[in-house]
Amino acid sequence: HKLPVFWQRPLTCWAWILRVSLSALDHCHIPGPRTAVVIDELMLAKQGITNINTYMDTQLPFGYVHLMTLLVNVQNLIMALKSGVLFAHAIVTDDIPLMIQQIVSTLVV
């Protein structure tokens with residue numbers, strides 16, 4: 001049983017913001033061109049939410065996923081080699097802070 005996805009809920013908030021903004025602009029007798037700028041900005045926000053939903057529902061190509069996995073693995077390998085070399089050098093020179101730095105950077109990255 002699949003739960004429903006309510007991606008339209010943020011759009012409701014932006015509709016309320018648009019309504020309140022238009023009411024405030026009309027109450028203050030703001031000229032039409034300025035009101036149009038506010039409406040355009042709010043429409044861009046609505047379009048942004050719709051684009052995010054589109055990106056979340058679009059499956060990535062299989063080759064792209066493999067490329068990203070390869071790049072992450074290569075980066076991890078290079079990071080491990082660099083940390084290992086610097087750690088070995090720190091052992092020889094008895095540099096305790098460098099050893100700690102390399103351990104922490106390897107664990108964090």
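Nothing fancy with the numbering, it's 1 onward along the sequence.
In the hydrophobic clustering of this structure, I91 groups with I103; members are Ile, Leu, Val, Met, Phe, Trp, Tyr whose side-chain heavy atoms approach within less than 4.5 Å, directly or through other members. Linking ILVMFWY side-chain heavy atoms closer than 4.5 Å, directly or via other members, places L77 and L71 in two distinct hydrophobic clusters. Residues V72 and V108 are members of separate hydrophobic clusters, defined by side-chain heavy-atom contacts under 4.5 angstrom among Ile, Leu, Val, Met, Phe, Trp and Tyr. A single hydrophobic cluster is not seen to contain both L60 and M56; linkage of ILVMFWY side chains at heavy-atom distances under 4.5 Å, directly or through other members, places them apart. Linking ILVMFWY side-chain heavy atoms closer than 4.5 Å, directly or via other members, places L107 and M79 in two distinct hydrophobic clusters.
In this structure, CG on N51 lies 9.5 Å from NZ on K46, to the nearest 0.5 angstrom. In this structure, CD on Q47 lies 13.5 Å from CH2 on W14, to the nearest 0.5 angstrom. For the atom pair CD1 of I30 and CG of L22, the computed distance is 12.0 Å after rounding to the nearest 0.5 Å. To the nearest 0.5 Å, atom CZ of residue R9 and atom CG of residue L11 are 12.0 Å apart. In this structure, the separation between CG on L42 and CH2 on W16 is 15.0 Å, given to the nearest 0.5 Å. Atom SG of C13 sits about 8.0 Å away from atom CD1 of I49, to the nearest 0.5 Å.
The closest donor-acceptor contact from the side chain of S105 to the backbone of Q102 lies under 3.5 Å.
Of all non-hydrogen atoms in L18 and M43, the two that sit nearest each other are CD2-CE, 3.7 Å. Across Q75 and V109, no two heavy atoms sit closer than the pair NE2-CG1, 3.5 Å. Considering all non-hydrogen atoms of both residues, L86 and L98 come closest at O-CD2, 3.8 Å.
A heavy-atom distance below 4.5 Å is found between the side chains of I100 and V104. Taking the side chain as every heavy atom from C-beta outward, P33 and V37 never approach each other to under 4.5 Å.
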Kindly indicate, with the supporting measurements, whether the criterion side-chain contact (heavy atoms from CB on, under 4.5 Å) is fulfilled by T58 and T54. CA-CA 6 Å; T58 303; T54 301; 4.0 Å; yes

